[in-house]
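Every number for a ligand or one of its atoms is a count from 1 in the order of the listing.
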Amino acid sequence: MTWFKTISSVNFEGLHSNNPIAFKIYDSKERIDGKTMAEHMRFAVAYWHTFTMDGSDPFGKGTMMRPWERYSGMDLAKARLEAAFEFFTKLGVPYFCFHDIDIAPEEATLRETNRNIDVIVERMKDYMKSSNMKLLWNTANMFTHPRFVHGAASSNSADIFAYSAAKVKKGLEVAKELGAENYVFWGGREGYETLLNTNMQLELDNLGRFFHMAVDYAKEISYEGQFLIEPKPKEPTSHQYDFDVASGYAFLQNYGLEKQFKFNVEANHATLAGHSFEHELRYARVHGMLGSVDANQGHPLLGWDTDEFPTDLQMTTLAMYEILQNGGLGSGGLNFDAKVRRTSFEPEDLFRAHIAGMDSFAAGSRLHIKC
Ligand SMILES: [Mn+2]
């Protein structure tokens, strides 16, 4: 089935084009400093914001018009997968990213959920082969289900710690199966609301143990992707343990994990921490810890994680400066952890938003290199 009927493919047309479904600056084949723009940027589409989420917010229901949502269960997962690969191919990005439950519905038991994941992963492999798409990273969602109310690796329940470990075990197997270039840990609910009911020492030790188990299991199954931690200072908990790159780096050193991990730096998480995006990129870079980027931006007047598509050219210029000074992102890339606004509910808006983000980073790299 064709899900985006009005769009054939997105091409580079240059600054004078009036076509909203065309790149004005991003020319995947243009060579800069010996590398093509595609090789510099390594763009990725986020499965969750683009194909799974419905635009609901604390004040109202979802607004997104997503034709695949007329299905449910595994039929929905399969339709989404088909729509996703049509989108990736038409947009012309090389990578995508997902959480486990973005791609397949969660069931009552982990065994059943994993069975769903296996069915989708098998199909995904075929789509990846025929489209040449690659998986930048996958991760485990350990924050949506109520079982994670007290966190996952830092939960006060041994059962939940074990359940979470089993989810990551499966995630690493999927990463190996699909050739994921990185595996990401975002703390989700790894943090606390009040010290009055929190054993911080135990929770940090458990987090450290959890990461060591993941490293050991990756070795056991010969998965060689790069491990990444994505810092975020607050939201959903008041205090998240992976506050920013500096505190995350101290944590990794304290638990002897600094050789096994790098950071996935998100722009909006940087600003939530009271830093600029470029500060976080620089801090990671000078410590040899810059692994990948979640390319988005916050709203300057709002204090939460709005995950907007990046269109601030000053920010993208300073970010690309850090990335180019780093000699690129290695196995990382620029993943659009960004969502269209509730008012941009038509499927075509997904293209417009990604084009704006890709052109903005292309402008950032070009300004830096030409100056
Ligand atoms: Mn965010």
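- Lys29 places no side-chain N or O within donor-acceptor distance of the main-chain N or O of Asp27, the cut-off being under 3.5 Å.
- A continuous path of Ile, Leu, Val, Met, Phe, Trp and Tyr side chains, each step under 4.5 Å between heavy atoms, connects Tyr241 with Met289, placing both in one hydrophobic cluster.
- Ion pairing between Glu86 and Lys90 holds under the 4.0 Å rule for side-chain N and carboxylate O.
- Sorted by chain and number, the protein atoms of type N, O or S within less than 2.8 Å of the Mn ion (ligand 1) are Glu266 OE2, Asp305 OD1, Asp305 OD2, Asp307 OD1.
- A side-chain hydrogen bond (donor to acceptor under 3.5 Å, both in side chains) check over residues 63-73, counting only residues at least two apart or in different chains, returns the pairs Glu69-Arg80.
- With a 4.5 Å cut-off between side-chain heavy atoms of Ile, Leu, Val, Met, Phe, Trp and Tyr, the cluster of Val286 takes in none.
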Result block: side-chain N/O donor-acceptor pairs under 3.5 angstrom for residues 204-220, not counting sequence neighbours:
| from | atom 1 | to | atom 2 | distance (Å) |
| --- | --- | --- | --- | --- |
| Asp205 | OD1 | Gln201 | NE2 | 3.3 |
| Asp205 | OD1 | Tyr255 | OH | 2.6 |
| Asn206 | OD1 | Arg209 | NH1 | 2.4 |
| His212 | NE2 | Tyr255 | O | 2.7 |
| Tyr217 | OH | Glu173 | OE2 | 2.5 |

